[in-house]
Every structure is written in C-alpha cells, then in structure tokens.
Amino acid sequence: NAHPRLAQVMPSLVRHLHDFAREVNLTVAEWTAAVDMINECGKMSDDRRNETQLLCDIIGLESLVDEITSKMLATSMSETPSAILGPFYRQDAPLLSNGDSIVNLSPSVSWYEQAIADSAFLTGRVVSGRSGMPIKGAVVDVWHTAPNGLYEQQDESQPDMNMRGRFATDADGRYSLYALRPVAYPIPDDGPAGRLLAMLDRHPYRPGHIHFIVSASGFRTLTTQVFDDRDEYITNDSVFAVKDELVVKFKPRDGDSKALWTLEYDFVLGSQ
Ligand code: DHB
Ligand code: FE
C-alpha cells in the first residue's frame, strides 16, 4: 500500500462514524444539516477567519490532537507543555529587540486606560530540557489580543501586526519585552461555531492568554499559551486549552514607568 498511515486511519474513522450514526439514530435531515454547517464554515473562512478550526476547537479536538502529539514527541518530563495554535497566528510578525514593546498605543483608542493598568514586562529564559543550559538565539514569537479582546486582524482600530513580535534570546537565553496582561474574550461567535455553542448553552469565552511559538535549531518547536491566573474562565475555557503548568502569576512591578506588572516565565524545549 502506497499510503500506510491512511490505510490505518480510515477504517477506524469510518467505523467510529458509523457507530456514532447508529448510536444516535442519525437521520438524513440531521446529516444534511451537519454537511450544510461544515460547508458554511468553509465559505466563511479566509486569511482572517478559520471557522472550521473554530468548530473543531469548541468540541476539544484541537486540544486533544495537541495533547496526543506532544505526548508522542516529548523527550523529557521537564519540557514546557504545548497548547493549541488557535486560528489567529500570523507569520512574519515584526522582528524586535529585547526590551521593545509589542503594544502600539494611541491615547485615542477606547482601551487606552486598560492598557496602562495592564502594562506588563515579560521576561524569561529559553533552556534545553536535556541539559538545562540556556539557548542563545532562540526565537520567541508572541501574540495576544488588545484589551478590547480582539486580535489585530479582527479589528480595524489596530495597526497592522499590533500585539505581535519576534524576539531572539541573548547569550543567557533571555528574552524580554513589554506587552499587556491578557484579558478574557469570546471566540468569534457570529458563525456556525458560535451558534452551536449557544444551542448547547455554552459560553464562548477563553481565559486571558498570551500565545508563544518558541523555536531554536536542534530543538522541537514549542507552540504554547500562558494563562493569567486572575481570570475567572481559567477553569472553563471554551476551547479546553488550559494546563496547570501554563497558568502564570503576574507580579507588581516597581520603578518602571513602562509597566505595572512583571511576568517571569521560562520555556523548556525538548530536543529534536
Ligand atoms: C481559539 C484559540 C485562540 O487562541 C483564540 O484566541 C480564539 C479561538 C480557538 O481555539 O478556536
Ligand atoms: Fe488566542
């Protein structure tokens, strides 16, 4: 067989789908509604919106696949756990210098005050899980929403690539940047995924989180998120991505006019 993995996966997929249909007595009308829904997801998706992924996420599928993949690939217990990529990553975020800010603040935006109150200095080291040694030249690609709960590509009031940046670690493996404490926000709920949540009496909120992709040559690229422990949705994420080790505590920061909070967080990478 030219496609051994497919030959393994498809019979199992078909068996489980058939079992599911039999178990719930799935009708033609219900199956048609599901096909329509998936088609609608596809039609609504583009560079800025991935509704099919969102649909997978609210049933926990992306988190499950992330969990399975990380368990298969982990080389050491101490590695920082992964978390889902989510639909709002953009490649080619600005390459910034350590100590730079990813926040483009104009006093005219409605969320200006919130941004000052949540201003945060983020720092930490990228280290090898195998040796514990710092990794120089690792790239920390970071993104999160503005205080209005929107990623830059969802929001015309933000400049292109706002709240995104890439930082290379120094000789001590350290990255540092200014960002914000993240806020909780609803996943886009004006499409099929949101309708399904509503029909299931589920809320669309994700706890405030910051996304990271940490990469370094010779190491497995880490896609993860950290979650602010102040958040009420931490135990109730609409897409099931929270892991205990990824819940972080921001500490008050003294003597820095640019930030009221500090987060120190190290990333431990597995070997390739
Ligand atoms: C999803 C993930 C995110 O990180 C986010 O900000 C919104 C939605 C998701 O998994 O669908
Ligand atoms: Fe997100």
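When a ligand or atom number is given, it counts from 1 through the structure's own listing order.
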Do [Y] and [X] meet the salt-bridge criterion of a basic N to acidic O distance under 4.0 Å?
X      : Y      : answer
Arg195 : Glu40  : yes
Arg48  : Asp155 : no
Arg202 : Asp189 : no
Asp160 : Arg90  : yes

[atom] - nearest protein heavy atom and its distance:
atom                   : value
atom 1 (C) of ligand 1 : Pro87 CD, 3.3 Å
atom 3 (C) of ligand 1 : Arg206 NH1, 3.2 Å
atom 8 (C) of ligand 1 : Ile187 CG2, 3.4 Å

>> Any heavy atom of Gln53 closer to ligand 1 than 4.0 angstrom?
In response: no

>> At less than 4.0 angstrom from any non-hydrogen atom of Gly86, what atoms of ligand 1 do you find?
In response: 2 (C)

> Numbering the atoms of ligand 1 from 1, which are under 4.0 Å from a heavy atom of Val239?
Replying inline: 9 (C), 10 (O), 11 (O)

> Taking atom 6 (O) of ligand 1 as the point of reference, which of Trp143, Tyr185, Phe240, Phe88 owns the nearest heavy atom?
Replying inline: Tyr185

> Can you tell me if an N/O/S atom from Gln225 lies under 2.8 Å from the Fe ion (ligand 2)?
Replying inline: no

> So Phe267 and Tyr265, would you call those rings parallel, tilted or perpendicular, with 30° and 60° as cut-offs?
Replying inline: perpendicular

>> Can you confirm whether Arg166 sits close enough to Pro94 that some side-chain heavy atom of one is under 4.5 Å from a side-chain heavy atom of the other?
In response: no

> Angle at the Fe ion (ligand 2) between NE2 of His211 and NE2 of His209, to 10°?
Replying inline: 90°

> Which bit of Ile84 is near ligand 1, meaning a heavy atom under 4.0 Å away: side chain, backbone, both or neither?
Replying inline: side chain

>> Quick check: closest heavy atoms across Ala216 and Ala138, and the distance to 0.1 Å?
In response: CB-CB, 3.8 Å

> Based purely on interatomic distance, does Asp57 place a nitrogen or oxygen under 3.5 Å from a nitrogen or oxygen of ligand 1?
Replying inline: yes

> Only one of Asp231, Val247, Val226 forms a side-chain contact (heavy atoms from CB on, under 4.5 Å) with Val242, so which one is it?
Replying inline: Val247

